[in-house]
Trainee: 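Got a structure here, written out as structure tokens. Questions coming.
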Protein chains: 2
Amino acid sequence: MSKPTLKSVAKALGVSTATISNAFNRPDQLSVALREKILSSCAELGYDGPNKAAQSLRKGSSGIVAVILSDSLEYMVSDPVASQFLQGVARELERQSKHLLLYSGSADNLDSITDFVDGFICYGAPRNLKLIEQLKRCPKRVLTVDFDLPGRPSVNIDNEQAAYDSAMAVLKPGDKVAVLGLRLIDAADSRTVGTAPLWDNQSSVSHRRLDGYQRAMQQLGLTLSNELLWHLPESNQACAETAAKAVLSQSPAPTVLLCMSDLIALSAMRVALALGLRIPEQLRVVGFDGIEETLRYHPTLSSVWQFSDQKGEAAARAFQSGQDDNQLLSYELRLGESS
Amino acid sequence: MSKPTLKSVAKALGVSTATISNAFNRPDQLSVALREKILSSCAELGYDGPNKAAQSLRKGSSGIVAVILSDSLEYMVSDPVASQFLQGVARELERQSKHLLLYSGSADNLDSITDFVDGFICYGAPRNLKLIEQLKRCPKRVLTVDFDLPGRPSVNIDNEQAAYDSAMAVLKPGDKVAVLGLRLIDAADSRTVGTAPLWDNQSSVSHRRLDGYQRAMQQLGLTLSNELLWHLPESNQACAETAAKAVLSQSPAPTVLLCMSDLIALSAMRVALALGLRIPEQLRVVGFDGIEETLRYHPTLSSVWQFSDQKGEAAARAFQSGQDDNQLLSYELRLGESS
DNA sequence: CTGTTAGCGCATTCAG
DNA sequence: CTGAATGCGCTAACAG
């Protein structure tokens, strides 16, 4: 004997299928007594409710929300910022009794899952640009985070302003500035941007941050040489070390490092300290994101805190709400010992 | 006009539904020419293949695999060992063109997703014991990792032996030993086990590890006082610090700390160093799991490396293979400066 | 090689 | 309050 179905249970109890269905989905459609009886009988029979797959086919919604990561799961799960975001999404989804399907932004097809999910929360522009096209003409709900898609709701912070604020907090007249940026051009290794064309990845946060840095520098009469503007393909230790070593071994060395993530900033500080540089006397550093680890490190890092877990919750809530606006979340500049 | 369906497309092209279905699913059932024509026409019509939800209802399989975490997503995503495991699972699943649904072990119901997935990979005994009952009588494929379920395939390492090995490598005759254990009893805070009954959480790895420690100690003529056997509810800094402070401030202080995770061991070392203890001269420490961070820390940690990412891949492969055996993976004892 | 048919398990009419 | 009928979108026989 296989798993009972609504039909088999109805027959066993001598009632119609509609009655069983109503017992589970529309309590007001039958007497309390009968409902009680049906429910307990079902429990005995080992029937624990309508098949969700069939229900989903019938009703067109499944209670599963896909989160599209900008990169592979592999990379994402190991990035503290993304992890925090996911925690927030998971927490809010749990509240809504919905489920979370993690999807890689380097996959090349949404088709394999669109039919299973109620929609997409898209965290950062997916690495595979094909997905963006698919998302644009996706009939289901799509919400973006940290980037925009025409006509779709989004959740974001004002990256340009936040970057500007952070730069203004650390820069002084006469500074020699280096920027350790994230995914600015199309290259798989850490390198100076040089003359390579900036890669406009759907209004990426990185470019907004760069704009902010540059506005601050301009205001202070500083200029950023292309040789001191670095592209890092990923926010991790290895990429950051390469860049930091190259930048800091110049002479004269930069006096300020503007970093597009806290992980980058921490690695850079490690390199700087190893080279014998004193922070903040000889080198000031500012990061971006706000992760716990910066508080345990010495010196503590000045950074833009964007509370990614709250961002995740906000995203899941906005997804659910059905509202189609572009939400701007607040951030907080927190100064540490690094500036 | 809404989304095209197989039927509507068939009518539009003047062929039968079966032909369309075959064009997508069984290329050998029709001429190449016709198939080409159908596929390109479908592309024009904006039809990108059979609806997966309907397909799943019909075929009884969806290509989605659920990973049940032992705890909330929130906790899991921030634990480096779990993250690494998930990376491995994700990588292998991606190879199989399957999808990953993350599910919380503290949820109280599998019903909401069983019908959507092809089965479950269960990473550690779920915190909510109800799930275990549900998994036992689940008609779908279930594979466990780091614990066992009667009649179900599993992937594991020999925790008892690994713990024994690690203890033998650090212990010396005359040592005063403390164990910082994980989830040994039913308590939400860090505390000595004392006389509380050991919580047998479905043959948990923690108890196997404890067995291993004790075998080693017995062999060396050492005994473990109940006051030096600690229960930590979670593998994190806060829980570990509480325990480490209490244990290390005794006099005489223990000379060896056997820790059931690397995160615990690192935190304990931090506490020890802050207390002015020299490692390994005055205190030797050994961990469990093998995470990158231990290599960056000074002193580097002696630990049992169990390569969680490979474990994840092995689990996903075993899930797919259909084999029902209990797989034992190898581990590696790596000695660092802490012993 | 192609078309017809009968469900997969369910929710929703609508008539009683 | 109940039961029969219809179809959600698709696939696997089977028949041609």
Side-chain angles (χ1 to χ4, degrees), chain A residues 1-39 41-42 45-63 111-118 139-140, chain B residues 1-39 41-42 45-63 111-118 139-140:
Chain A
M1 46 158 281
S2 66
K3 232 192 161 194
T5 69
L6 192 151
K7 205 201 291 185
S8 74
V9 166
K11 191 159 25 175
L13 298 195
V15 299
S16 92
T17 58
T19 305
I20 304 289
S21 174
N22 285 332
F24 282 95
N25 300 318
R26 310 186 342 186
D28 54 309
Q29 298 294 301
L30 71 177
S31 69
V32 180
L34 179 55
R35 184 176 131 91
E36 290 289 307
K37 208 187 77 182
I38 288 180
L39 258 32
S41 302
C42 284
L45 292 171
Y47 179 75
D48 32 40
N51 181 301
K52 308 292 176 184
Q55 214 165 25
S56 145
L57 176 59
R58 180 67 231 255
K59 307 212 280 205
S61 83
S62 64
D111 297 343
S112 42
I113 52 161
T114 34
D115 297 327
F116 289 123
V117 304
D118 293 345
K140 309 221 167 176
Chain B
M1 44 158 279
S2 66
K3 230 190 163 194
T5 69
L6 192 151
K7 205 200 290 183
S8 74
V9 166
K11 190 159 24 171
L13 299 196
V15 299
S16 92
T17 58
T19 305
I20 304 289
S21 175
N22 285 333
F24 282 95
N25 300 319
R26 310 180 351 182
D28 53 309
Q29 298 294 301
L30 70 177
S31 69
V32 181
L34 180 56
R35 183 176 132 91
E36 290 289 307
K37 208 187 78 180
I38 288 181
L39 258 32
S41 302
C42 285
L45 291 171
Y47 180 74
D48 32 39
N51 181 301
K52 306 293 177 184
Q55 215 165 25
S56 145
L57 176 59
R58 183 65 234 250
K59 307 211 281 204
S61 84
S62 63
D111 298 343
S112 42
I113 53 161
T114 34
D115 297 326
F116 289 123
V117 304
D118 292 346
K140 309 222 168 178

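Labels below follow one simple rule: chain letters A, B, ... track the order of the sequence lines, proteins then strands, and each chain is numbered from 1. These numbers come from the heavy atoms of this one structure, side chains and all, not from hydrogens, waters or symmetry mates.
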Trainee: Below 4.5 Å, heavy atoms only, C-beta onward: do B:Ile38 and B:Leu30 meet side chain to side chain?
Mentor: yes
Trainee: Please examine the side chains of B:Asp48 and A:Thr114, heavy atoms only from C-beta on, and report whether any two atoms are closer than 4.5 Å.
Mentor: no
Trainee: Please answer whether the main-chain N or O of B:Thr17 pairs with a side-chain N or O of B:Ser21 as donor and acceptor at a distance below 3.5 Å.
Mentor: no
Trainee: What are the atom names and distances for every N/O pair under 3.5 Å that joins the protein to nucleotides 3-5 of chain C?
Mentor:
| from | atom 1 | to | atom 2 | distance (Å) |
| --- | --- | --- | --- | --- |
| C:dG3 | OP2 | B:Ser16 | N | 2.9 |
| C:dG3 | OP2 | B:Thr19 | OG1 | 3.0 |

Trainee: Please examine the side chains of A:Leu34 and A:Thr19, heavy atoms only from C-beta on, and report whether any two atoms are closer than 4.5 Å.
Mentor: yes
Trainee: Check this for me: A:Glu36, atom CD, are more than 12 non-hydrogen atoms of other residues, nucleotides or ligands nearer than 6.0 Å?
Mentor: no
Trainee: In whole angstrom, give the distance that lies between atom CD of B:Gln29 and atom P of D:dA15.
Mentor: 16 Å
Trainee: Take atom CG of A:Asp28 and atom P of D:dC1, then tell me their distance rounded to the nearest Å.
Mentor: 9 Å
Trainee: For a side-chain contact (heavy atoms from CB on, under 4.5 Å) with B:Ile20, tell me which candidate from B:Val9, B:Asn25, B:Leu39 qualifies.
Mentor: B:Val9
Trainee: Show the distances under 3.5 angstrom between N or O atoms of the protein and N or O atoms of nucleotides 6-10 of chain C.
Mentor:
| from | atom 1 | to | atom 2 | distance (Å) |
| --- | --- | --- | --- | --- |
| C:dG7 | N2 | B:Arg58 | NE | 3.3 |
| C:dG7 | N2 | B:Arg58 | NH1 | 2.8 |
| C:dC10 | OP1 | A:Tyr47 | OH | 3.0 |
| C:dC10 | OP1 | A:Asn51 | N | 2.7 |
| C:dC10 | OP2 | A:Leu6 | N | 2.3 |

Trainee: Counting just side-chain N and O atoms, does B:Arg35 come under 4.0 Å of either OP1 or OP2 of C:dC1?
Mentor: no
Trainee: Using atom CD1 of B:Ile20 as one end and atom C1' of D:dA12 as the other, report the distance to the nearest whole Å.
Mentor: 17 Å
Trainee: Side chains of B:Lys3 and B:Asn51: closer than 4.5 Å at any heavy-atom pair?
Mentor: no
Trainee: Regarding B:Ser56, tell me which of base, sugar-phosphate or nothing describes its non-hydrogen contacts under 4.0 Å with the strands shown.
Mentor: nothing
Trainee: Does A:Ser8 reach the main-chain N or O of A:Pro4 with its side chain, forming a donor-acceptor pair under 3.5 Å?
Mentor: no
Trainee: Could you tell me the separation between the CZ atom of B:Phe24 and the C1' atom of D:dG9, rounded to a whole number of Å?
Mentor: 13 Å
